[in-house]
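Naming: A, B, ... by sequence-line order, numbering from 1 per chain. This is a predicted model, so every value here is computed, not measured.
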Amino acid sequence: MDSTLLWTLPGLPLAGALILFASGRRASRRFAAGVATGAALLALGVAAWTLAATLSGPGARIVADLGPWFAAGTVGARAVLAADPLTASMAVMVAGVGSLILAFSAGYMDDPEDRPGMARFFAAMDLFLASMLLLVLADDLLLLFVGWEGVGVCSWLLIGYWFREPANAAAGRKAFVVNRIGDAGLVLALALLLGALGPRATLRIPDLQAVLAADPGLLGGGAATVVGLLLLFAATGKSAQIPLYTWLPDAMAGPTPVSALIHAATMVTAGAWLLLRLHFVLALSPAVLGAVATVGAATALWAGLLALFPHDLKRVLAYSTISQLGLLFLGIGVGAATAAYFHLLTHAFFKALLFLAAGSVLHALHHEQDIRRMGGLARRMPWTGAAFLVGFLAIVGFPGFSGFFSKDAVLFAALAAEPTALGAAGFPLPVLLWAAGCLAALLTALYMSRLLLLVFLGRYRGDREPGESGPVLVAPLVVLAALALAGGVLDLPSWIGVEAGWLSSRVGPLLGDAVPAHHGAMEAAFALALALASLAVMAGAWRLWGTGGRGAAAIKALLPSTAAFLAARGRVDELYDAIAVRPARALASALAVRVEDAGVQRLAPGAAALLRAAGTWNGRVLQRGHLPDYALWIALGAGVLVLLAAVG
Amino acid sequence: MPILTVLIVLPALGAALVAIVPRRLARPTALAASLATLGVAVAVWARFDPASAEPFPLHEGPWPWIPDLGVAWALGLDGVGLVFVLLTAVVVPAALAARSAPGRAPAALLLLSESAVLGCFTALDLFLFYAFFEAMLLPVLVVLAGFGGAGRIRAAVRLLLYTLAGSLPLLAAAVATWVHHRAAAGAPSALLADLLSTPVPAAWAPWLFAAFALAFAVKSAVVPLHGWLPDAYAEAPVGAVVVLSALLAKAGIYGFLRWALPLFPEAAVRAGPVLLALGSLGVLYGGLLAWVQRDLRRVVAWASVSHLGLCVVGLGAGTREALAGSAWQAAVHGLYTGALFLLVGVLEARTGRRGVDDFGGLAATAPRFAFLLGLAVLAAIAVPGLAGFPGEFLLVAGTWRVAPAAAVAAVLGAVLGAAYLLRVVERVCFGRPGADAPADLAPGEALPVAVLGLLLVGLGVFAGPFLDRVTPATDRVAAALEAARAGEGP
Amino acid sequence: MSSIGLLPVLLVSLVLFTLGVVGVLVRRNLLVVFMCLELMLNAVNLAFVGFARARVDMDGQVAALFVMAVAAAEVAVGLALLILLFRTRRTTHLDDLRLLGG
Amino acid sequence: MDWTTLPPVAIPDLGPDLLRASPVLAVFVAALVVLLAGAAGRGRGARVATVLTAVGLALAGILAVPLLLSHGGPAFGGAARLDRYSGLVVLILVACTAGAAALSPSLLRAVDARIPEHDALLLLSLLGMGLLVVADDLLLAFVGLEIMTVAAWVLTALNRSEATGVEAAVRYFVLGAFSSAFLLYGVAFVYGAAGGTGYAEAAVAAASGGRIFGVGLAMVLVGFAFKVGAVPFHPWVPDVYQGAPAPASALFATGVKVAAFAALLRFTAAVLPAAGPRWGVALAVLAAASMLVGAAAAFVQRDLKRFLGWSAVSHTGFALVPLAGGGAGMHGTLVYLAAYAAASLGAFAVAASMAHDGREDPDMERLRGLGRRHPWLAAGFATCLLSLAGLPLTAGFPAKVYVLLAAWEGAGGWLAAVVVVAALAGAAYAVRPVALLFAEPGEGVPVEIGRAARGVLVVAVIVVLALGVMPGPFVDLCRLAVAELGG
Amino acid sequence: MEVALFALFSAAALAAGVVVVTRTNPFSAAMALVACLFFLAADFVLLQAPFVAALQILVYAGAILILFLFVIMLLNLRGDEGLSLPRLAPRQAVGLVLSVVMGSASVAFASLQVSGPFPEAGPLFGSADAIGTTLLDGRFLLALEAVSVLLTTALVGAVVLGRKDL
């Protein structure tokens, strides 16, 4: 196959986007959705073909090099894409989920008021897909960065899609700016890499790996740790981890398909994707791995707690996303990159499913998002309810569903990790991480059960008469439900009897993972125990929020202040506002008033005043208009000159 | 044919023509002249041989100008000059297209300024350079003083005096360099090549460099020498602001690259930390101030301060990447700042207002405007794929090695940039449109901005060919600095 | 056999010149100031004549004649100005000249 | 020669010398004719005088050209040198006087002063300047100086109804005579040390370095420094420029200053190199003080003429710099003076247009808004002021370059630094009236610029721009001319 | 003998000079100036400059001083200066003393370079003949003509300033 064809992967959606941008307001919804979805589907085809090609033999790699992009000094950016089983499978996921969500959008975005914005919406979605595919396939870190920022831009555009509502636009800006903060870390990390590598500097991923493998000492003296931490920082921005996660809940202001595609399935995994691609850099510093794992576990736990309280359906899912991505980071940190990637894929399936199901509900309820005004929807929207149930079971890790396998793989890897490998010699960090992960899993069961119970079961509390969504909305749900259900086959664990999971064998080596050892019964026991515990939690949740349950009140009664704290999202936004935004703004205002207006802008008047003072003094003292004075100056001058003559 | 001379003379001829044609033909004549200049500039690009081993692949002269001083009309173009020349040739038509000030005088004056700017970017004789460097400001100053807003006189006076406060020391230092050369070589000359052949004594160099740097720093509004900028940008007619911000402010960066760094490499190396510190300061200071402005023009003005600070950081770092990045950033800054000021100018022309909070929802009522504004903003915040990115990345990468703190300041500036520029887009384009929302861009208004936008995209994607022409020139400067650094060590 | 010598002549001339200078500096009556200027010019003449004598050179004496002519010209215009001043301002007192300055 | 017997008297044939000095003679004849015509012409005297003045000046200018082209040499028994330098400077002086003469009719008519006498005095003053410039002998230079000065005194008081004019003339007279006495005393000492008053003899004496000569030199410099208006010998300058009628001030600012400088240049070129470096330093100090004091004082003025007076003080400082540096850069003084004179004349053209109701009223505020009514005139005036500030493309720019050059080569860095600071301050004050031009029109009686003033302004602007854009030929001329000095 | 006479005349001239400077009545000052000029003329004679001495008396005492007296009488000026010796501000006084002392001391110091008696001069030295010969030998011709122009200028100037019309 002609390797240049790889460029059609980002190229097709880009072309779609350009067509749609060009068509402007004239484009109808049908046309826009058609173009966008068509481009995505074509891309999916190419992606699948590419995946097949990369699987044709071990080590098969398709490289599409368009030559240098720009170069100066040691910086040499190349426009080069490469496909191997890792990137190709990711591309397939992106294109696939993307196609499904675009198809869903065609039905979802049917508000007549949105009619003029149709082209904009689908163009941005396509542009997003193009950026994401570029990010996935880029073989050069600067090219990756193009995709990385591209998805950020699209996210900004799409979160603020309904821009007439100022809050939406603000949410979009917040997402962009917080992402930029993370991006700063990435730029610095790349700069550091280039600087440290000196004459052998390269940002091409395989070359970088080769250079570092040949001489790990290039990143000695703590440089590896700094690079790793900067990369982690960058990843926390894109993947909504502590400390930069706050944008994601707000990002739910965007249309639901956007949330599904960008803020659940794809873009938010970009941070993890970066860490996966640069696993060899992280591996140089145990401390970084420990930090990644710790950030992941903490985020998983914290977001799980926060997910218990919102009344907004999508916000619960958003915190859920953050929590699940935390598990992913945990996996990467403990050296289970393959497991993390596995969870990335399954999460993409079930979280997209959950979001689309939620979208279906919102569509039916005319964008009523408050779960207190829902209930009993399973009977009125059976397909949607069933799809949501599949997603629910997958995310809580019901045995057999995709989430069960992937989550288990991550958690078990955490338990099995060596403290020294995490830079925490003598400290039982792995156990703590595992415990946190398990707790997060249980919290998942709790908050997801709350959603299921309050939205789909019980009694309908709203005042509209919702009915099942149309086939355009339901069909993608069905496909995604199937994937969420069966996604586990991608990497079945050894205790089930397979020799080695597909991912572990084909992708694992690319991620630096050895084919995992057979843990056998032990792993199975842990997995099933967790599943049982989750079931227990679900039962508890039934008592809290089930028919007649007084869940919220009960929790509040139990831990009033903590509950209030968590319900207020932990006041993290306020905290950031207080420690960063407001001081910075105060500083800016102070600079504007104290330094600029009172200082710099007075320089010129000050100099003028000085000159004026000198001139006035001259007029008052030297030249006050008194003739004998004048003669005196002349006589004095003459005296000095004569003295000069006489002393020589 | 002496194409560079033609390049310089053409706009001046155009200006003369504008002054004499019937009034209604003045604007078309001016536009035609500037477009003809653009054509010549493109021809210059075509003639420029990037593979040439000569420092200046295109050069003309020297033809004596003041023989007594050995001052000559000597022009030459290397990659750095080339991009600035192209920038000039592109921006001036756009500025002229902005229907900012009535009458023929502004158009003629802007053309005159274009002549001088082109001269400044091509002069290889120090005094010739100085003359152009100073002269390019005067027409703009007249436009500002004669056709600006309420505070125009104050702004113009301040601009002039700030400029002179910088350039008079430059003149003194230039003369000193010349004096030294005559003493060392026995014959008067102010040609760059000749001056390079007689390095000034180490005792003088720091002072002379400081004088050069002062002039260029004032021109490029390096904090804390930027006092002229906010008022000038706020008061001048749009066309003048575009020329001022997109072109004149670049002459400072260009001056560093062409004159200050090569002539005094040792001093430049020693002054590196100062430039780094001032540049970083500018990046953050400009960013923070842009963040709290209520006036659209002032936001863009302070953004300019911030982004030019970035260029100064690169100059201070002095590595190959950083210098290339500096040149690139300076050139591209001209494109997006020009676009931003043009867009703000349209709003002003429509409504007479330009507060950040005076508008809203233009994305609905004026989609063309919103699209172009968004594009320019994204380029300004260095989104990769657009033209701003290569410059910024090269700057950060090249600076990190020398001064990590400055690199951090640079990326922080980018973060701030996103904060304040996106705020502008949000306030202006998003939200509910007001009842008196201005109409969308007419095709005539959109075209110049669209051309700039197209260039921002094109240069972002096809950065290579342009950068490849720049790097030989910047590498030469970096090599001189490197040699100076090496010589300083033992 | 003249034994005066140049030094006494120069010193006398110097004292006379200084007297003139002091007079210009301290006197406020314009007319007296003019007279002091004449003192200075006479000191110049004494110096010229003294130097001429010391060098046995007639140029100095000729120069003294030129000085006299110049003095006459100056006095003519100066007194005309003084009269004009008196006609317009009714004063010849320097302290009354206060229109200009700064 | 011990004067026991009389030497033979051989009156030399002065014919050829007089022929070469014809421009000066032409001026003299013109002055007398103007005077007579003015006296005889009654009502039409003014117009006749103006025409005759123009003819005389044109004649003088034409007759000066051969001097410029010739090689020249000593004349009148060594009292004078009729050389290229004389030719060049006389041409500049004639131009300056012509400018002042062109400005006079309208202003003098406005303030009801006599034109024929004014023109005659202008011409006599020019005659003095010419003698001063060609003189190669201190005595002749002094007499020339006195002619110039006596005429200037009278010109200052010409508008006799103006109290400031008379007062200024009195001040000018007292201080002028005072400094003349110093100059003469100095000449006496130089004579005593050198045995003669010629520059060449002085140079010889300078080389032997006696104190008598030093004292003489110091006092001669005092006299010259007074005439050029260098600090601290400057206080008369602003007062006189303010008090005198604008055309007369224009002459003082241009012709008188150029002539004094040209004579000083001839004198220092001959004498200072032999007299030791201290005099260069002394002149440099005077230059620095003049630049700074003048600029600071000009910054606070409201009266345009007084403003230009202080500006003149400051520019004296600049023009002194090449002179102080000595050596190869000395022609910079001439370049500077030409640039200054042209721009100054343009500025005075405006100042001479500011009379109304029979009085001069050169309040700068009256310029407010001129740019709205007369953009081109305002632009021309602004060009002149900006040339004074030394901006490129105007004559002020090469002039500043030469000053800086001389500063570096002469006194060194400190003087260059002072030049920079003073130039900046100079720009600051020069910009003030320019800013007024472009401001919104204010109250006050608007200024109307008459036809003659416009003409002068236009010519001045053309000269300023020509010297700014193509300084080469003129600079070469100056260099050639100055190269003839210094023996 | 000559020395004694010179000392006498000089002392008298200086004393008259002091009177000129200190006298408040301009008429007295003018009279003192006349005296001073006469004594100086005597000094000139002693210095073998009889022609100059004669002109000193003719031009100065005869013409210039008469002008002064005319003006004094014309303007009816009496001792109306209003102060015996003017009040000087301390700053001015310091400047005055400083400049006078500095200048005079310097010149005096420089004058010390000359010493010894005058050389012998021929009998014609200082005579009208010698003056005439010197004036006509070429170097002074132009200056002489110039002086005539100067006097013309002064004449014109005085007339312009003094005319009654206007």
Side-chain angles (χ1 to χ4, degrees), chain B residues 64-69 71-72 103 105 112 116 127-128 130-139 141-142 144-148 150 152-154 156-180 182-183 188 190 203-204 207-208 211 214, chain D residues 328-329 331-332 335 371-372 375 378-379 382-383 386 389-394 397-398 400-409 412-413 415-428 430-432 434-440 468-480:
Chain B
W65 178 34
I66 312 179
D68 187 32
L69 298 180
V71 173
L112 274 184
F127 286 108
L128 188 64
Y130 180 86
F132 282 131
F133 183 77
E134 285 259 47
M136 67 187 181
L137 179 67
L138 298 179
L141 211 54
V142 177
L144 166 58
F147 304 91
R152 61 186 200 275
I153 299 291
R154 206 175 69 118
V157 167
R158 192 168 286 196
L159 172 54
L160 176 64
L161 294 184
Y162 259 91
T163 307
L164 286 177
S167 57
L168 283 170
L170 167 62
L171 181 60
V175 169
T177 315
W178 178 91
V179 165
H180 167 74
R182 192 178 63 172
W204 297 14
W207 298 100
L208 300 186
L214 182 65
Chain D
H331 60 296
V335 176
R372 283 269 179 271
T383 306
L386 293 178
L391 267 67
L393 301 190
T394 65
F397 172 63
K400 282 276 185 313
V401 170
Y402 273 94
V403 167
L404 279 167
L405 205 105
W408 280 113
E409 294 201 320
L415 191 55
V418 173
V419 168
V420 166
V421 171
L424 187 56
V431 153
R432 283 179 56 239
V434 176
L436 286 176
L437 291 178
F438 291 100
E440 295 303 329
V469 175
M470 275 318 258
F474 180 73
V475 164
D476 285 341
L477 207 58
C478 289
R479 190 173 35 119
L480 278 178

By a 4.5 Å heavy-atom criterion (distance strictly below it), what part of B:Leu137 contacts chain D: side chain, backbone, both, or neither? neither
How far apart are the C-alpha atoms of D:Tyr402 and B:Leu69, what are their side-chain angles, what is the distance that settles it, and do they pass the side-chain contact (heavy atoms from CB on, under 4.5 Å) test? CA-CA 9 Å; D:Tyr402 273 94; B:Leu69 298 180; 3.4 Å; yes
So what's closer than 4.5 Å to chain D heavy atoms on B:Leu164: side chain, backbone, both or neither? both
Is D:Val469 close to chain B through its backbone or its side chain, or both, or neither, when contacts mean heavy atoms under 4.5 Å? backbone
Rounded to the nearest 0.5 Å, how far does CG of D:Leu480 lie from CG of B:Asp68? 9.5 Å
Heavy-atom side-chain contact between D:Phe397 and B:Leu171 under 4.5 Å: yes
Of the listed D:Pro392, D:Ala382, D:Gly390, the one with the largest count of heavy-atom pairs under 4.5 Å with chain B is D:Pro392
Is it the backbone or the side chain of D:Leu424 that comes under 4.5 Å from a heavy atom of chain B, or both, or neither? both
Comparing B:Glu134, B:His180, B:Arg154 against chain D, the one with the most heavy-atom pairs below 4.5 Å turns out to be B:Glu134
Between D:Leu391, D:Leu386, D:Val475, D:Leu393, which residue shows the highest count of heavy-atom pairs closer than 4.5 Å to chain B? D:Leu391
Pair B:Leu141, D:Phe438 - check side-chain contact (heavy atoms from CB on, under 4.5 Å), show working. CA-CA 11 Å; B:Leu141 211 54; D:Phe438 291 100; over 6 Å; no
Under a 4.5 Å heavy-atom cut-off, does chain D meet the side chain of B:Ile153, its backbone, both or neither? side chain
Using a cut-off of under 4.5 Å for heavy-atom pairs, which of B:Phe133, B:Trp204, B:Tyr130 has the most such pairs with chain D? B:Tyr130
Specify which of D:Ala416, D:Ala423, D:Cys478, D:Ala389 makes the most heavy-atom pairs with chain B at under 4.5 Å. D:Ala423
Heavy-atom neighbours of B:Trp207 CH2 exceed 12 at 6.0 Å: no
Taking all non-hydrogen atoms of both residues into account, name the closest pair between D:Pro471 and B:Trp65 and its distance. CD-NE1, 3.8 Å
Region of D:Arg372 in contact with chain B, defined by heavy-atom distances below 4.5 Å: side chain
Closest contact, heavy atoms only, B:Pro67 versus D:Gly472: CD-CA, 4.0 Å
Side chain, backbone, both or neither: which part of B:Ala172 has a heavy atom under 4.5 Å from chain D? both
Taking the side chain from D:Trp408 and the backbone from B:Thr177, do they hold a donor-acceptor pair closer than 3.5 Å? no
